[in-house]
Amino acid sequence: MNALQFKKLNKYIGVELQDITDITNLEKPIIDSLKQLVAAYSVVVIKGKRKWTEEEQVYLTNALGTIELPVVYSIPPSQVEERKSDAKVTKGSGVFWHSDNSYQERPSHLSVFQMVEIPASGTKTSFASLINLSANLPEKDSLLWRDYGVVYRDTVIHPLLWKHPFNGKDTIYFDIGFSTDILNHCDAGNKLPIKESNQIFNYINERLSNEESLIEHQWAEGDIIILDNYAVAHRADILLENEKRTLLRMTTEGIYF
């Protein structure tokens with residue numbers, strides 16, 4: 001990882017880079033270092049030197065994986081390749097702890113965010129380690145949750161507790177905004193009682209909000225954050241009425257669970 005200089009944001013997740021001034025035409029050692037940093041620390045912050053074009057952000061995302069197009073989440077809507085998506089995003093879902101595109105059969109692996117416009121009062125995004133949360137679960141919960149599947153948008157099922165496909169560590173997969181039910185043994189006919197499911201959702205939400213790995217990034221225009229959705233959950237702050245925040249998100253293709 002010595003191709004890039006970085007500082008750790010805490011001992012669990014997150015590094016910040018300040019020596020990348022151009023995200024286009026990155027040399028292979030830099031790309032390899034970026035991939036290694038994302039794998040090791042789950043969240044990589046590239047401090048903005050200026051606003052990057054969408055084409056530059058596409059280039060960076062493709063360097064890290066295979067980009068998912070069209071871009072489906074940007075306020076205002078992205079114009080990348082002038083392709084529109086009919087994907088429906090739950091309004092305000094970003095203020096809850098979540099992993100991007102959880103409702104897909106193959107949830108996105110990496111998210112690459114760029115802050116384009118900041119409200120006058122400023123804005124932040126919080127990140128917390130799902131791997132650290134998993135490691136500190138009570139043993140009884142860890143054993144039970146290995147058999148649980150979470151239903152997203154009433155159709156897609158993903159395990160609640162699984163192994164990260166690239167580092168083999170136990171990790172939670174969680175998106176409170178799109179989850180509807182918890183199933184035992186991923187069996188659609190064996191739903192947990194709503195009260196029990198809500199207790200689990202609320203427990204995870206509370207734990208993430210108080211995780212020792214929690215970091216809060218105060219955005220500046222042009223900042224880029226690369227995020228491993230299989231290792232960390234994130235949430236945006238709540239904007240004041242009539243405030244505007246423009247965040248452009250691109251994602252890389254995920255894997256089957």
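- Note on Leu34: it clusters hydrophobically with Phe6, by side-chain heavy-atom contacts below 4.5 Å among ILVMFWY residues.
- Note that NZ of Lys11 is 13.5 Å distant from OH of Tyr41, once rounded to the nearest 0.5 Å.
- Annotation: side chain of Phe178 is not in contact with side chain of Val156 (no heavy-atom distance under 4.5 Å).
- Linking Ile, Leu, Val, Met, Phe, Trp and Tyr residues whenever their side-chain heavy atoms come within less than 4.5 Å leaves Phe201 and Ile157 in two separate clusters.
- The minimum heavy-atom distance between Ser99 and Asp175, with the atom names listed, is O-OD2, 3.1 Å.
- Considering every non-hydrogen atom in both Glu56 and Trp52, the closest pair reads OE1-CA, 3.4 Å.
- Under a cut-off of 6.0 angstrom, the local environment of CD1 in Ile238 is sparse, with at most 12 non-hydrogen atoms contributed by other residues, nucleotides or ligands.
- Surrounding NZ of Lys49 are more than 12 heavy atoms belonging to other residues, nucleotides or ligands, all under 6.0 Å away.
- When the salt bridge (charged side-chain N to carboxylate O under 4.0 Å, His left out) test is applied to Lys7, the partners found at least two apart in sequence or on another chain are Glu16.
- Checked against ring pair (Phe, Tyr, Trp, His ring centres under 6.0 Å), Tyr173 has the following partners two or more places apart in sequence or in another chain: His158, Phe257.
- The minimum heavy-atom distance linking Ser33 with Leu4 is given by the pair CB-CD1, 3.7 Å.
- In this view, Ser108 and Glu68, Asn101, Gln104, Asn229, Thr251 satisfy the side chain to side chain contact (heavy atoms under 4.5 Å, CB included) rule, not counting sequence neighbours.
- Residues Ile13 and Ser129 come closest through the heavy atom pair CG2-CB, 3.7 Å.
- Atom OG in Ser42 sits 11.0 Å away from atom CG in Leu37 (nearest 0.5 Å).
- Side chain of Glu211 to main chain of Ser213: a donor-acceptor pair is present (N/O by atom type, distance under 3.5 Å, no hydrogens or angles).
- Here Asp170 pairs with Arg146, Lys163 under the salt bridge (charged side-chain N to carboxylate O under 4.0 Å, His left out) rule; sequence neighbours left out.
- Relative orientation of the His109 and Phe166 rings is tilted, given thresholds of 30° and 60° on the angle between their planes.
- Partners of Asp181 under the salt bridge (charged side-chain N to carboxylate O under 4.0 Å, His left out) rule, at least two apart in sequence or in another chain, are Lys191.
- Counting heavy atoms from C-beta on, the side chains of Val150 and Ile182 come closer than 4.5 Å.
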Walk me through it: do Tyr148 and Asn184 pass the test side chain to side chain contact (heavy atoms under 4.5 Å, CB included)?
-> CA-CA 5 Å; Tyr148 288 170; Asn184 198 359; 3.7 Å; yes
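- Applying the side chain to side chain contact (heavy atoms under 4.5 Å, CB included) rule to Asp187 yields the partners Asn190; only residues at least two apart in sequence or on another chain are considered.
- Listed by chain and residue number, Lys28 satisfy the salt bridge (charged side-chain N to carboxylate O under 4.0 Å, His left out) test with Asp32 (two or more places apart in sequence, or in another chain).
- Between Gly254 and Tyr230, the shortest heavy-atom contact is CA-OH, 3.2 Å.
- Here the CG-CG distance, from Asn210 to Leu133, works out to 11.0 Å after rounding to the nearest 0.5 Å.
- For residues 219-233, the pairs satisfying salt bridge (charged side-chain N to carboxylate O under 4.0 Å, His left out) are Lys47-Asp223, Lys51-Glu221, with sequence neighbours left out.
- No single ILVMFWY cluster, assembled from side-chain heavy atoms under 4.5 Å apart, contains both Phe174 and Leu143.
- Between Ile172 and Leu208 the shortest side-chain heavy-atom distance does not fall below 4.5 Å.
- Residues meeting the side chain to side chain donor-acceptor pair (under 3.5 Å) test with Glu196, sequence neighbours left out: none.
- Checked against ring pair (Phe, Tyr, Trp, His ring centres under 6.0 Å), Tyr59 has no partners two or more places apart in sequence or in another chain.
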Go through the steps to decide whether Val43 and Ile226 satisfy the test side chain to side chain contact (heavy atoms under 4.5 Å, CB included), and finish with yes or no.
-> CA-CA 6 Å; Val43 179; Ile226 305 165; over 6 Å; no
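- Ile31 and Val44 fall within the same hydrophobic cluster, defined by Ile, Leu, Val, Met, Phe, Trp and Tyr side-chain heavy atoms under 4.5 Å apart, directly or through other members.
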List the steps and the verdict of side chain to side chain contact (heavy atoms under 4.5 Å, CB included) for Ile200 and Leu160.
-> CA-CA 10 Å; Ile200 292 173; Leu160 178 59; 4.1 Å; yes
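- With a 4.5 Å cut-off on side-chain heavy atoms, Ile225 and Phe127 count as touching.
- Take Asn167 and apply the side chain to side chain contact (heavy atoms under 4.5 Å, CB included) test, not counting sequence neighbours, and it matches Ile131, His164, Lys169.
- Side chains of Ser111 and Asp100: a donor on one and an acceptor on the other come within 3.5 Å.
- Residues Asp22 and Arg50 are in side-chain contact: their nearest non-hydrogen atoms beyond the backbone lie under 4.5 Å apart.
- Rounding to the nearest 0.5 Å gives a distance of 5.0 Å between OG of Ser142 and CG of Leu161.
- Val151 and Trp97 are assigned to two separate hydrophobic clusters, defined by single-linkage of ILVMFWY side chains at heavy-atom distances under 4.5 Å.
- One distance of note links CG of Leu137 with CG of Leu144; it measures 10.5 Å at 0.5 Å rounding.
- At a threshold of 4.5 Å between non-hydrogen side-chain atoms, the residues Ile23 and Ile224 count as touching.
- Judged as a side chain to side chain contact (heavy atoms under 4.5 Å, CB included), and not counting sequence neighbours, the contacts of Thr123 are Met115, Ile118, Pro119, Trp219, Asp237, Leu239, Arg245.
- A 4.5 Å side-chain heavy-atom check between Tyr12 and Glu212 finds at least one atom pair inside the cut-off.
- Taking every heavy atom of both residues into account, Glu117 and Lys244 meet most closely at OE1-CE, 3.4 Å.
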Would His234 and Phe113 count as a side chain to side chain contact (heavy atoms under 4.5 Å, CB included) if you check the C-alpha gap in whole Å, the side-chain angles of each, and the deciding distance to 0.1 Å?
-> CA-CA 12 Å; His234 62 288; Phe113 302 99; 3.6 Å; yes
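- With contacts defined as side-chain heavy-atom distances shorter than 4.5 Å, the pair His98/Ile176 does not qualify.
- Note that OG1 of Thr252 and CD1 of Ile67 are 9.0 Å apart. Values are rounded to the nearest 0.5 Å.
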